[in-house]
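Basis for what follows: all heavy atoms, side chains included, without hydrogens, waters or symmetry-related copies.
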Amino acid sequence: MAQDKLESGTDRVDRFCRQYLQLERDLDYPSALLLRDADVQDSLYRRLFADGALPHPPPQRYQLRVLKELMSRIEASIEDWDLHGVSDDLMASLSTVLSLPLPSEVATAQQKSYVTYTLSHLDTSSHSIPLPPCITLLESRNLISAFGTTGLRTWEAALHLGQFLSVNPSLVQGRRILELGAGTGYMSILCAKFLASTMAIASDGSDDVVANLAENFFLNGLQGSERIRAMDVKWGHALVGTEDEHWNGGQPIDVVIGADVTYDKSVIPALVGTLEDLIGMFPQVMILIAATERNRETFNVFLEVCRKGHFTVDEIDFELPHCRDQRGPFYSDQVPIRICKILK
C-alpha cells in the first residue's frame, strides 16, 4: 500500500513537471498531501527551478505565474508549521524571478518559447531510443503569425498522430517519410530521432516556416543529420520544376504524413492535388492524414474532394486519450481527431 502511494505521488509530480515543460495553461498541481512534503518540494525545485535545471526554460511570465501559484498551494497545504514548511530554495527562486524586469504581455506574446513534449507512448526498452524521450521546439504560442501561417506552433493532430506512430513504429521504421505542412517539424523529428525512419523530409509551403525548421532540428540534436531535412512544397504546384529532371533527386517516398492540414476548405483541393501527384510518382506510397474536426463541414469537404479524386479514405481506430490519462504530450480531448489512411 505504501509503495502504491509512493508510485502515485511520483506519477503526479512527473505529470506536473511534464505539463510545465509543455507550457500547459492549466496545470494539474500535486495534491496538498504531496506539496507539503519536503522531498516533493525539493524534487520540484531540482527538476524545474534550480539554476541550470532546464536547458531551455519557459518564458519569464510563465515561470512567475506557476511559481506564485505553487507557493500559494504549498502554504495552504500546511496544517502544522512545526512539522512542515516551505522550501527555502523555492522561495529563493520566486524572489529571483520577481526581481527581474518583467516583459509586457504584448512583448511576451510576440516572442517564441521553448516547448518540450514528453513522448510517453514510446517503447524505451530499446537501447536505440535516446533518453529522455522528448522533443523540444521553439514555437510561437500565437495561433497565427504575422505572415498568415499557422505553422509556428504544434497542433493537437500532430501530437495524436505522433502517439499513433509511437505505438506502431513499424509503419515508418526504415522508410522514407514526407511530412506535408510540417510546421514546427514535430512529426519529422519524431520519425528521424525516435522511430528509425531512413529519411524524414519536413515540407511546408511557407518560406518562413521552412527557414525556422533548422533551429528545431538543432534543438533535438539533428543538425547536419542525413536522416532529416527541410523542403519547400507548395500544395497544388508542380512537384518537378522545369529545371529538375526528377523530384527529390529521384529518391523514393514510402510514407506521406500530414497533421492538421485540412483546417481550411480553400486549401483542400490543392492538398489533394499534391497527394495525387505523389501517388502518381510513387504508386505504393502510404498516406496518413490526421485531422482535428473543429468544423464538421470542413472535414466533409476533404472527404468529398478525395471522393471526386477517386481516393478511398479509411479511418483508423485510435482512441483519443482522456486528459486525465495523458502522461505527455498533453492535448485536448474535447474535439475529435481523426487519423485517416488515404488509398487509391
Side-chain angles (χ1 to χ4, degrees), residues 8-78 84-120 132-143 152-156 159 184 219 323-334:
S8 176
T10 301
D11 288 345
R12 291 180 183 181
V13 172
D14 286 346
R15 177 180 168 86
F16 172 77
C17 291
R18 293 172 178 182
Q19 288 178 330
Y20 177 82
L21 294 175
Q22 197 178 309
L23 306 191
E24 287 293 280
R25 181 178 298 275
D26 299 315
L27 298 170
D28 294 323
Y29 288 82
S31 66
L33 184 63
L34 290 170
L35 286 178
R36 72 171 70 116
D37 186 279
D39 290 338
V40 170
Q41 294 182 39
D42 182 60
S43 175
L44 291 173
Y45 168 74
R46 287 185 291 100
R47 293 175 64 174
L48 302 180
F49 305 112
D51 290 341
L54 301 176
H56 307 293
Q60 185 182 337
R61 275 189 171 273
Y62 186 81
Q63 293 181 53
L64 179 59
R65 178 173 70 83
V66 174
L67 267 170
K68 289 171 70 174
E69 178 66 20
L70 179 62
M71 298 301 287
S72 175
R73 286 174 178 256
I74 290 174
E75 291 175 354
S77 74
I78 297 174
H84 303 100
V86 179
S87 162
D88 290 338
D89 289 327
L90 286 176
M91 291 177 65
S93 295
L94 178 57
S95 297
T96 298
V97 177
L98 284 170
S99 68
L100 299 173
L102 193 65
S104 68
E105 291 189 16
V106 173
T108 300
Q110 293 174 342
Q111 292 174 346
K112 290 184 179 179
S113 306
Y114 293 106
V115 187
T116 298
Y117 300 92
T118 302
L119 307 173
S120 64
C134 60
I135 293 175
T136 297
L137 303 171
L138 192 58
E139 301 188 5
S140 170
R141 303 304 276 178
N142 295 322
L143 298 185
L152 298 180
R153 63 167 297 169
T154 303
W155 295 87
E156 295 93 334
L159 302 178
T184 62
L219 287 172
C323 283
R324 65 177 180 272
D325 298 326
Q326 294 176 13
R327 295 296 178 267
F330 302 93
Y331 49 100
S332 173
D333 60 2
Q334 297 302 301

Can you give me the closest heavy-atom contact between Pro103 and Pro101, atom names plus distance? CD-O, 3.5 Å

Report yes if the side chains of Val66 and Tyr29 come closer than 4.5 Å at any heavy-atom pair, otherwise no. yes

Check for a donor-acceptor pair, side chain of Gln22 on one end and backbone N or O of Phe330 on the other, with a separation under 3.5 Å. yes

As an exercise, state the distance from CD1 of Ile135 to OG1 of Thr154, rounded to the nearest 0.5 Å. 8.5 Å

Interatomic spacing from CZ in Arg324 to CG in Asp28 - rounded to 0.5 Å: 12.0 Å

Inter-residue atom distance Leu159.CG - Leu119.CG, 0.5 Å rounding: 9.5 Å

So which atom in Leu44 and which in Cys17 form the shortest heavy-atom distance, rounded to 0.1 Å? CD2-SG, 3.9 Å

So, do Val13 and Arg47 sit near enough that their side-chain heavy atoms are less than 4.5 Å apart? yes

Please report the shortest heavy-atom distance between Leu219 and Thr136, naming the atom on each side. CB-O, 3.7 Å

Assign the ring pair Phe49 / Tyr20 to parallel, tilted or perpendicular, where the plane angle (0 to 90°) is split at 30° and 60°. perpendicular

Closest approach of Arg12 to Pro30 (non-hydrogen atoms, all atoms of both residues): O-CG, 4.4 Å

Looking only at heavy atoms, which two atoms of Gln63 and Pro57 are closest? And how far apart? NE2-CB, 4.0 Å

Give the table of side-chain donor-acceptor pairs shorter than 3.5 Å for residues 70-78, with sequence neighbours excluded, one pair per line with atom names and distance.
unit_1, atom_1, unit_2, atom_2, d
Arg73, NE, Glu69, OE2, 2.7
Arg73, NH2, Glu69, OE2, 3.4
Ser77, OG, Ile74, O, 2.6

Take Leu94 and Leu64 through the side-chain contact (heavy atoms from CB on, under 4.5 Å) test and state the conclusion after the steps. CA-CA 7 Å; Leu94 178 57; Leu64 179 59; 3.9 Å; yes

Thr10 OG1 to Leu34 CG distance, which is reported to the nearest 0.5 Å: 8.5 Å

Looking at Ser43 and Asp39, would you say the former's side chain and the latter's main chain have a donor-acceptor pair under 3.5 Å? no

Out of curiosity, Arg46 CZ to Asp89 CG, how far, rounded to the nearest 0.5 Å? 10.0 Å

Residues forming a salt bridge (charged side-chain N to carboxylate O under 4.0 Å, His left out) with Glu24, sequence neighbours excluded: none

If you look at every heavy atom in Arg36 and His84, which pair is closest and at what distance? O-CD2, 3.3 Å

Within the distance-only criterion (no hydrogens, no angle test), does the side chain of Arg18 pair as donor or acceptor with the backbone N or O of Thr116 below 3.5 angstrom? no

Quick test of your reading: applying ring-ring contact (aromatic ring centres under 6.0 Å, His included), list the pairs with at least one residue in residues 91-114, sequence neighbours left out, ordered by first then second residue. His56-Tyr114

Do Val97 and Gln60 make a side-chain contact, defined as non-hydrogen atoms from C-beta onward lying under 4.5 Å apart? yes

Can you check whether Gly328's main-chain N or O pairs, donor with acceptor, with Ser120's side chain at less than 3.5 Å? yes

Mark yes when over 12 heavy atoms from residues, nucleotides or ligands other than Asp325 sit less than 6.0 Å from its CG; otherwise mark no. yes

Point-to-point distance, once rounded to the nearest 0.5 Å, from CG of Leu98 to OG of Ser93: 11.0 Å

